[in-house]
Amino acid sequence: MDLPAFIPASTARPLVALPGSFDYGRALSLREMARHYTEMPKYLLAPEIAALLHFLPDWRQHAFVNTLWNTGARLNEALALRRRDFHLNEDIPHVVLRTAKQRRSGGGRPRKGTSPNRVIPLSDPAYVDEMRRLFASTKESFEEDVITGERRAMPVWTVSDRTVRNWLSRAVDAAGRDGVRFSIPVMPHAFRHSFAMHLLYGHVHPKILQGLMGHEKFESTEVYTRIFALDVAASQQLRFTLDTRDALQLLRRK
């Protein structure tokens, strides 16, 4: 996949793409530097999320938070997911997220140039296996509309957004008791930001990221590329100070 035009392929340094190559200290420094952008999203790094998931022993809670991390879904999109939205046995496993507008309207033709769905490839085999095991041990639930009699599939997680926040709060507390601290507040939306930054570090093109995030305008995606661009610029290690004698000699030759 091509890199963004502003990132030379020979100099870009992915922080998370290769096992064992992740420079956690550098990533923390980059995030600290990026905080000077007032609109900077609060994101977690891959080791932080792996640690957090460890403190979610309930398998349904673990699967939900892992879904936020692996899909970049908004909280309301993830809570609306049904079992049939997961396509785990295809050649390319994926999940279909439905927009809030489409869920409210129930159906119909979307306006020109838009899609009611967003398809997210699931590239992590461990996550795909987790969801397969979850669905193998649970049955899909249905509800019947009392007016129309229509039988509709229920969401996989029938909980509120407050419940999800409580899950995360308890996990953070448990981590703290074990001496594990997180450098930003752990909120549901942080996983969406983390997904975006993880893809950029994996050299996914920003225009592709825009589609995966469901951003109508590229300006919404640019906030992530600004942070990533800081790391690329710092990686160049360009020197601006030259030896004065060499500089004078070069100029005097003319």
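Only this structure's heavy atoms are used, side chains among them; waters, hydrogens and symmetry mates stay out. Residue indices begin at 1 and follow the sequence shown.
- The CZ atom of Arg118 sits 7.5 Å away from atom OG1 of Thr71, with the distance rounded to the nearest 0.5 Å.
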Kindly determine whether Leu199 and Phe228 satisfy side-chain contact (heavy atoms from CB on, under 4.5 Å), including the steps that lead there. CA-CA 10 Å; Leu199 291 184; Phe228 186 60; over 6 Å; no
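- Hydrophobic clustering of Ile, Leu, Val, Met, Phe, Trp and Tyr side chains at less than 4.5 Å, counting indirect connections, keeps Leu81 apart from Val96.
- Arg31 places no side-chain N or O within donor-acceptor distance of the main-chain N or O of Ile184, the cut-off being under 3.5 Å.
- When hydrophobic clusters are built by joining Ile, Leu, Val, Met, Phe, Trp and Tyr residues whose side-chain heavy atoms come closer than 4.5 Å, directly or via intermediates, Leu200 is not grouped with Phe218.
- Of all heavy-atom pairs between Arg165 and Pro188, the closest is NH1-CD, 3.5 Å.
- Under the 3.5 Å distance criterion, the side-chain polar atoms of Glu90 are left unmatched by any main-chain donor or acceptor of His87.
- Of the inter-residue distances, the one linking Leu75 atom CG with Arg192 atom CZ reads 11.5 Å to the nearest 0.5 angstrom.
- Between Pro47 and Tyr24 the shortest heavy-atom distance is CG-CD1, 4.0 Å.
- For the atom pair CG (Leu53) and CD (Glu130), the distance works out to 8.0 Å, reported to the nearest 0.5 Å.
- Shown here for Ala136 and Arg83, the closest heavy-atom pair between the two residues is N-NH2, 4.4 Å.
- Note: Ser220 OG to Met213 CE = 9.0 Å, rounded to the nearest 0.5 Å.
- Of the possible polar contacts, none joining the Asp129 side chain to the Ala126 backbone as a donor-acceptor pair under 3.5 Å is found.
- The hydrophobic cluster containing Leu28 also contains Met40, counting ILVMFWY residues as joined when their side-chain heavy atoms lie under 4.5 angstrom apart, directly or transitively.
- Side chain of Asp178 to main chain of Val180: no donor-acceptor pair is present (N/O by atom type, distance under 3.5 Å, no hydrogens or angles).
- For Tyr224 and His193, the ring centers sit closer than 6.0 Å to each other.
- Across Phe142 and Met154, no two heavy atoms sit closer than the pair C-CG, 3.7 Å.
- Side-chain N or O atoms of Trp69 include none that pairs as donor or acceptor with a backbone N or O of Ser194 at under 3.5 Å.
- Within a 6.0 Å radius of CD1 in Ile92, no more than 12 heavy atoms belonging to other residues, nucleotides or ligands are found.
- Atom CG in Leu168 sits 8.0 Å away from atom CG in Leu68 (nearest 0.5 Å).
- Taking each heavy atom of Ala63 and Leu134 in turn, the nearest pair found is CB-CD2, 4.0 Å.
- Taken from CG in Leu230 to CE in Met33, the straight-line distance is 4.5 Å, to the nearest 0.5 Å.
- Here the rule is side chain to side chain contact (heavy atoms under 4.5 Å, CB included) with Phe64, and of Val156, Leu56, Leu79, Val159 only Leu79 fits it.
- When the side chains of ILVMFWY residues are joined at heavy-atom separations under 4.5 Å, either directly or via intervening members, Met187 and Leu52 end up in two distinct hydrophobic clusters.
- Note: the hydrophobic cluster containing Tyr37 also contains Tyr43 (ILVMFWY, side chain heavy atoms under 4.5 Å, direct or indirect links).
- Remark: the backbone N or O of Asp58 is not paired with any side-chain donor or acceptor of Gln61 at under 3.5 angstrom.
- The backbone N or O of His62 lies less than 3.5 Å from no partner atom in the side chain of Asn66, so there is not a single donor-acceptor pair.
- With hydrogens and angles disregarded, no donor-acceptor distance shorter than 3.5 Å links the side chain of His215 to the backbone of Lys217.
- A donor-acceptor distance shorter than 3.5 angstrom exists from the side chain of Thr225 to the backbone of Glu222, with no hydrogens or angles considered.
- Contact record, Ala196 with Leu209: CA-CD1, 3.8 Å, taken as the closest heavy-atom pair.
- Remark: the backbone N or O of Leu88 is paired with a side-chain donor or acceptor of Arg132 at under 3.5 angstrom.
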